[in-house]
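Throughout, a chain's letter reflects where its sequence line sits, starting with A, and its residues are numbered from 1.
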Number of protein chains: 2
Amino acid sequence: MSKTLLPPKRSRLEDVARQAGVSAQTVSRVLRKPGLVAEATRQRVQSVIDRLGYLPDLVASNLATSSTRMVAAIIPSLASSVFADTMQALSATLATNGYQLLIGDSNYSPEHEDELVQAMLGRRPDAIVLTGTSRSKKVRALLARAGVPVVETWNLTANPIDLCVGFSNHAAGFDIARYIFRRGYRRVAFIGRLRNDPRSEDRLRGFREGLRGHGMSSVRVIEVGDPASPEVGAAGIDELLRRYPDADAVFFGSDRLAIGGLLACVRRGIAVPERLAIVGFGDFEISSLTMPSLTTIAVPTWEIGSITGELVLARLAGREIPERIVDLGYRFIQRESA
Amino acid sequence: MSKTLLPPKRSRLEDVARQAGVSAQTVSRVLRKPGLVAEATRQRVQSVIDRLGYLPDLVASNLATSSTRMVAAIIPSLASSVFADTMQALSATLATNGYQLLIGDSNYSPEHEDELVQAMLGRRPDAIVLTGTSRSKKVRALLARAGVPVVETWNLTANPIDLCVGFSNHAAGFDIARYIFRRGYRRVAFIGRLRNDPRSEDRLRGFREGLRGHGMSSVRVIEVGDPASPEVGAAGIDELLRRYPDADAVFFGSDRLAIGGLLACVRRGIAVPERLAIVGFGDFEISSLTMPSLTTIAVPTWEIGSITGELVLARLAGREIPERIVDLGYRFIQRESA
DNA sequence: AGCGACAATGTGAACGCTAACATTTTTGCC
DNA sequence: GGCAAAAATGTTAGCGTTCACATTGTCGCT
């Protein structure tokens with residue numbers, strides 16, 4: 001291939017400068033602070049830039065300015081629609097001020113998250129956004145020392161590393177327990193992931209506590225494995241009916257699972273909610289459309305991203321931040337399934 | 001805040017070097033080619049690194065080596081599960097060789113895509129991955145001149161900028177037309193996005209061509225707007241029944257829409273497929289679970305990402321690439337809805 | 001005409017690292 | 001013990017920008 005034989009050798013600031021008969025600094029100014037250069041020179045330089053197709057090297061620029069205009073975010077899974085929503089909102093908010101989002105996927109693994117944090121920090125992001133609030137001491141120290149804004153999202157904590165934007169998964173679980181009790185269900189179950197998903201664990205903890213408050217001490221728990229897919233939710237229903245045929249209500253750790261469970265019930269002729277009530281978590285886009293529709297908790301996925309973005313921008317612009325911890329709450333959505 | 005008053009001043013290679021009593025270069029070697037330094041020095045240096053919590057500055061490293069170990073990818077939407085799958089696969093594949101993925105979200109806007117390409121190229125990625133095959137001459141030129149591998153994905157083209165990994169959206173639409181004809185449907189419709197979604201357009205084109213081949217020249221087309229959500233699909237069904245009450249089969253441009261349409265039919269008591277047959281596109285994770293389940297086309301979302309990743313890695317390692325155009329095909333999945 | 005003020009442009013040095021080469025130390029061998 | 005080869009370490013220069021400061025040019029005003 002001729003391509004590899006003739007490396008096209010990108011043009012640099014100096015190449016533009018030479019051809020325009022000015023110094024490199026002037027070219028830099030044309031790009032960055034055009035107001036400081038005479039209109040005639042500006043046009044001359046600009047035309048050379050256009051002709052050469054010159055693109056400033058941000059790597060060099062970043063080194064010189066010690067600012068990368070990148071914000072790193074680490075999420076448990078790219079393919080999970082809720083985090084994708086948050087990332088889209090974050091990305092859009094940051095983009096308004098020229099910041100790029102660098103996304104890392106930890107695949108729900110804490111060890112991998114640690115590595116990612118380290119790898120990301122090496123790239124000198126101007127801020128870093130994390131999912132969840134629980135992480136190793138070592139990583140907390142690393143982050144605290146990085147000297148950039150850190151936002152922990154998707155849950156709340158009393159002592160964030162820096163900033164925190166989310167809602168209380170625990171309280172949501174608690175509320176669901178109360179609702180289920182009030183609706184008269186007494187033999188309740190939980191189907192969801194636990195290992196490596198601290199937020200789901202928090203929901204279950206809140207759920208348990210809520211039930212205990214009403215004198216219901218036992219929860220039938222079915223832990224599911226890695227991809228919290230609808231298929232896994234359907235399998236969860238089957239396991240539930242096998243192991244605890246007496247169950248009359250089930251709380252799924254996520255709507256992705258719940259939808260699978262709900263559709264499985266429809267297919268197997270199990271009346272929802274008469275024979276088995278179902279509550280989900282997350283209010284996915286189809287949760288309102290199934291028949292029966294899914295009772296669930298709506299989570300401010302988009303807002304988490306946009307508020308996080310605004311906090312980060314505020315910090316980077318040196319503005320004061322009123323609250324280090326932002327509780328965006330959640331909404332209980334009563335529909336047909338429970 | 002004391003934080004802003006005392007910038008913690010990160011340690012550099014030289015700080016480590018001084019404290020360990022060696023030169024900066026030796027520290028660099030400890031990190032990069034530990035085999036080249038004596039075990040005793042290695043340990044001494046390493047302990048200083050640990051004590052100081054030194055993290056190499058990749059920005060500087062990138063400038064020095066003129067390689068960023070970043071691959072840029074531009075997708076139409078982060079929140080679309082299919083592209084998210086592709087990105088997860090790509091990210092995972094690249095991660096095995098220490099490459100980071102930089103994702104840009106064009107929000108289905110060609111102009112925004114152009115800007116993004118430019119912004120991304122400024123960051124000097126080692127490769128760039130695009131969604132789709134149609135773009136402006138200017139951007140094609142920019143990319144060709146960037147001197148890095150370029151992969152166009154999610155569709156096929158006879159003359160890619162560089163590499164191409166995807167399947168034929170046109171052929172898929174064609175196949176669906178044939179299937180629909182064979183099943184005896186004669187008054188067919190299409191519901192989907194067209195503007196700013198060239199791949200969806202390709203599907204419709206293939207669909208039209210396929211129908212024409214069987215003597216069916218008219219397709220009832222309902223174009224839908226921006227978020228191709230299930231709700232929009234449901235609204236599409238309502239519009240279809242209003243405008244073309246005689247339609248007996250509908251092809252949705254994506255499963256996300258189709259699922260919404262399907263559930264709307266269920267809710268309105270419209271028998272699927274007896275009264276109205278439905279075919280989707282994309283085989284989303286719940287498409288097999290609805291009742292009736294959705295007849296659709298399965299698209300190699302994951303493979304597009306992983307194969308793209310492998311091609312990129314091969315190129316970057318200087319390995320020969322057998323085929324510049326990789327057709328991963330698709331699978332027609334017959335289920336209950338048509 | 002001459003002065004100061006401001007606008008426009010230029011000149012080093014620095015950002016933190018690594019490639020390439022140079023030097024020193026160690027090792028094996030007769 | 002002395003020598004060459006190999007191993008370990010050090011030195012210099014640069015990657016492509018921007019910052020801080022220095023210089024030159026322009027203009028209005030007395």
Extract all donor-acceptor atom pairs below 3.5 Å that involve side chains of residues 91-99 of chain B and protein atoms in other chains or at least two apart in sequence.
from	atom 1	to	atom 2	distance (Å)
B/T93	OG1	B/A89	O	2.8
B/T96	OG1	B/T93	O	2.5

Should we say atom CZ of B/R140 is surrounded by more than 12 heavy atoms from elsewhere, each under 6.0 Å from it?
-> yes
Inspect the surroundings of CD in B/Q43 and state if more than 12 heavy atoms from other residues, nucleotides or ligands are less than 6.0 Å away.
->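 Yes.
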Can you give each donor-acceptor pair under 3.5 Å made by side-chain atoms of residues 111-123 of chain A, sequence neighbours left out, with the distance rounded to 0.1 Å?
from	atom 1	to	atom 2	distance (Å)
A/E111	OE1	A/S109	OG	3.4
A/E113	OE2	A/R135	NH2	2.7
A/D114	OD2	A/S136	OG	3.2
A/R123	NH1	B/T68	O	2.9
A/R123	NH2	B/T68	O	3.4
A/R123	NH2	B/R69	O	3.1

I'd like to check the salt bridge (charged side-chain N to carboxylate O under 4.0 Å, His left out) partners of [X]; sequence neighbours left out, ordered by chain and number.
X: A/R42; answer: A/E39
X: A/D226; answer: A/R193
X: A/D126; answer: none

Within this structure, what is the [atom1]-to-[atom2] distance between [X] and [N], rounded to whole angstrom?
X: B/D57; N: C/dG16; atom1: CG; atom2: C1'; answer: 6 Å
X: A/R10; N: D/dT17; atom1: CZ; atom2: C1'; answer: 14 Å
X: A/L13; N: C/dG12; atom1: CG; atom2: C1'; answer: 15 Å
X: A/R69; N: D/dT18; atom1: CZ; atom2: P; answer: 13 Å
X: A/L36; N: D/dA22; atom1: CG; atom2: P; answer: 18 Å

Close side-chain approach of A/Y54 to A/D15, heavy-atom, < 4.5 Å =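 No, side chains not in contact.
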Identify, residue by residue, the members of residues 58-65 of chain A with a heavy atom below 4.0 Å from DNA chain D, and return them in order of residue number, or none.
-> A/A60, A/S61, A/A64, A/T65
Strand-adjacent residues in residues 14-32 of chain B, judged by heavy atoms under 4.0 Å from DNA chain D = B/V22, B/S23, B/Q25, B/T26, B/R29
Among pairs that include at least one residue of residues 20-34 of chain A, which meet side chain to side chain donor-acceptor pair (under 3.5 Å), considering only residues two or more places apart or in two chains?
->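 As it turns out, the side chain to side chain donor-acceptor pair (under 3.5 Å) pairs with a partner in residues 20-34 of chain A, which skip direct neighbours, are A/S23-A/T26.
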Run the side-chain donor-acceptor check on residues 301-312 of chain B: report pairs under 3.5 Å with partners two or more places apart or on a different chain.
from	atom 1	to	atom 2	distance (Å)
B/S306	OG	B/W302	O	3.4
B/S306	OG	B/E303	O	3.3
B/T308	OG1	B/I304	O	2.5

Is there a residue in residues 37-54 of chain B whose heavy atoms reach under 4.0 Å of DNA chain C, and which residues are they?
-> B/Y54
What bend angle does the helix from C/dA1-D/dT30 to C/dC30-D/dG1 show across its length, from five-pair end axes and to the nearest 10 degrees?
-> 40°
In terms of side-chain geometry, is the basic nitrogen of A/D162 or A/R315 positioned less than 4.0 Å from the acidic oxygen of its partner?
-> yes
Which pairs, with at least one residue in residues 72-99 of chain A and sequence neighbours excluded, count as a salt bridge (charged side-chain N to carboxylate O under 4.0 Å, His left out)?
->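 Those involving residues 72-99 of chain A do not exist here.
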B/S80 side-chain N/O to B/S77 backbone N/O, donor-acceptor pair under 3.5 Å =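 The answer is no, because no donor-acceptor pair under 3.5 Å joins these two groups.
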